[in-house]
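Accompanying notes for the structure given below.
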Amino acid sequence: MGDAATTAARRSLTWIPPALAALVFALLSLAILPYPGLQDDEVLFTAPLYLPDGTLSSLKAFGLTVPLMLTGYSGTLKTWLYATIFEFLLPSRWSVRAPMVLVGVITICLTWAWIRRIAGTRAAAFTVAFLSTDAVFIVTNTFDWGPVALQHALLMGGLLAVQVWVQNNSNRRGSNWPLALGFFLWGLGLWDKALLVWPLEGLAMATLCVYPKELRRHLRRVPLAIAASSLLLGALPLVCYNIRHRGETASTYTRLSLNQLPRKIPEL
């Protein structure tokens, strides 16, 4: 009985570091939230809510126009989220930014859970301590310049879900639901902004270089099919847009040009 109580107490204590990190991040974010005016990146999602031609791609069904894509590489996931929020709150700096602060808190908690699984409690505590006080993370997440806030949360949610699947599969307790969830979240992230492909490619290359044996062991037909179908489902609006427009996301936004080179060199 005493051992069970001790174990339960230790488990409850393990959530103190992420709770403190989330609190510090939230306080720092809320402290700077009211000062800058709204910037075009953080209100880009509002175009479909107020402009009849505010979307690049939409779906008409049952007399409704459902926005799907804002630009060739940016979807309307945030628009859908704020369409609900603005039903209850008037648009303002607080109603636009506070939900993204909450998303940042979720990102910190997901990062804690993922790092703790792969590297232990101490490493996770250091990670969230650094993350919650990192100026770039605080500023870009609070004001969602990019936009990046939903990408961060979806990236880390996918990493945690896939890690759960890998560990369960290694212990032969495997259900494929965590794998499907992880790749679905990454698909949503790609729909939100196709530039999520960059960190996903980096993670894929890192996995190939660091864990080649484990990767080969998990590359089987059923998991591959589940991962691919879940990713496509999450990114379905982006996929449909590119089918209709012949791969415009890649052909238009990844074109190599040297026109800006004289300006880019001093910036670098």
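At least one side-chain heavy atom of V164 sits less than 4.5 Å from a side-chain heavy atom of R117. For the pair T121/F126, no side-chain contact is recorded, criterion being any heavy-atom separation below 4.5 Å from C-beta on. T111 is listed as a side-chain neighbour of T107, based on a closest heavy-atom distance under 4.5 Å. Side-chain contact check for T76 versus M69: every heavy-atom pair is 4.5 Å or farther apart. Side-chain contact between F25 and N141 is present, with at least one heavy-atom pair separated by less than 4.5 Å. Between L190 and Q151, every side-chain heavy-atom pair lies at or beyond the 4.5 Å cut-off. In this structure, the side chains of T55 and S58 come closer than 4.5 Å at one or more pairs of heavy atoms. Under the 4.5 Å side-chain criterion, counting only non-hydrogen atoms from C-beta, L155 is in contact with L203.
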Requested in this report: List the steps and the verdict of side chain to side chain contact (heavy atoms under 4.5 Å, CB included) for L81 and M100.
Outcome: CA-CA 11 Å; L81 174 64; M100 293 302 102; 4.1 Å; yes
Query raised in the report: Do L238 and N242 pass the side chain to side chain contact (heavy atoms under 4.5 Å, CB included) test, and can you show the C-alpha distance, the side-chain angles, and the key distance before you say yes or no?
Result: CA-CA 6 Å; L238 177 67; N242 278 276; 3.5 Å; yes
Query raised in the report: Under the side chain to side chain contact (heavy atoms under 4.5 Å, CB included) criterion, do L233 and F183 qualify, and how do the steps go?
Result: CA-CA 9 Å; L233 181 62; F183 276 82; over 6 Å; no
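When the side chains of ILVMFWY residues are joined at heavy-atom separations under 4.5 Å, either directly or via intervening members, L49 and L89 end up in a single hydrophobic cluster. Linking Ile, Leu, Val, Met, Phe, Trp and Tyr residues whenever their side-chain heavy atoms come within less than 4.5 Å places L150 and I85 in a single cluster. L208 and I118 fall into different hydrophobic clusters, where Ile, Leu, Val, Met, Phe, Trp and Tyr side chains are chained together by heavy-atom contacts under 4.5 Å.
Note that the CD atom of E248 and the OG atom of S57 stand 10.0 Å from one another [nearest 0.5 Å]. We find the NZ-NZ distance between K193 and K78 to be 10.5 Å, quoted to the nearest 0.5 Å. Taken from CD1 in I138 to CG in L27, the straight-line distance is 10.5 Å, to the nearest 0.5 Å.
Of all the heavy atoms in S229 and A225, the pair that sits closest is OG-O, 2.8 Å. Taking each heavy atom of A153 and V103 in turn, the nearest pair found is CB-CG1, 3.8 Å.
By the 6.0 Å contact criterion, CH2 on W177 is open, its count of non-hydrogen atoms from other residues, nucleotides or ligands being 12 or less. Residue L219 qualifies as enclosed at atom CG: its count of foreign heavy atoms under 6.0 Å is above 12. Other residues, nucleotides and ligands contribute over 12 non-hydrogen atoms within 6.0 Å of the CZ atom of R263. Annotation for Y50: atom OH counts as buried by contact number, over 12 foreign heavy atoms lying within 6.0 Å. Within 6.0 Å of the CZ atom in R244, the count of heavy atoms belonging to other residues, nucleotides or ligands does not exceed 12.
Taking the six-membered ring for Trp and the full ring otherwise, W186 and W191 have centroids separated by 6.0 Å or more.
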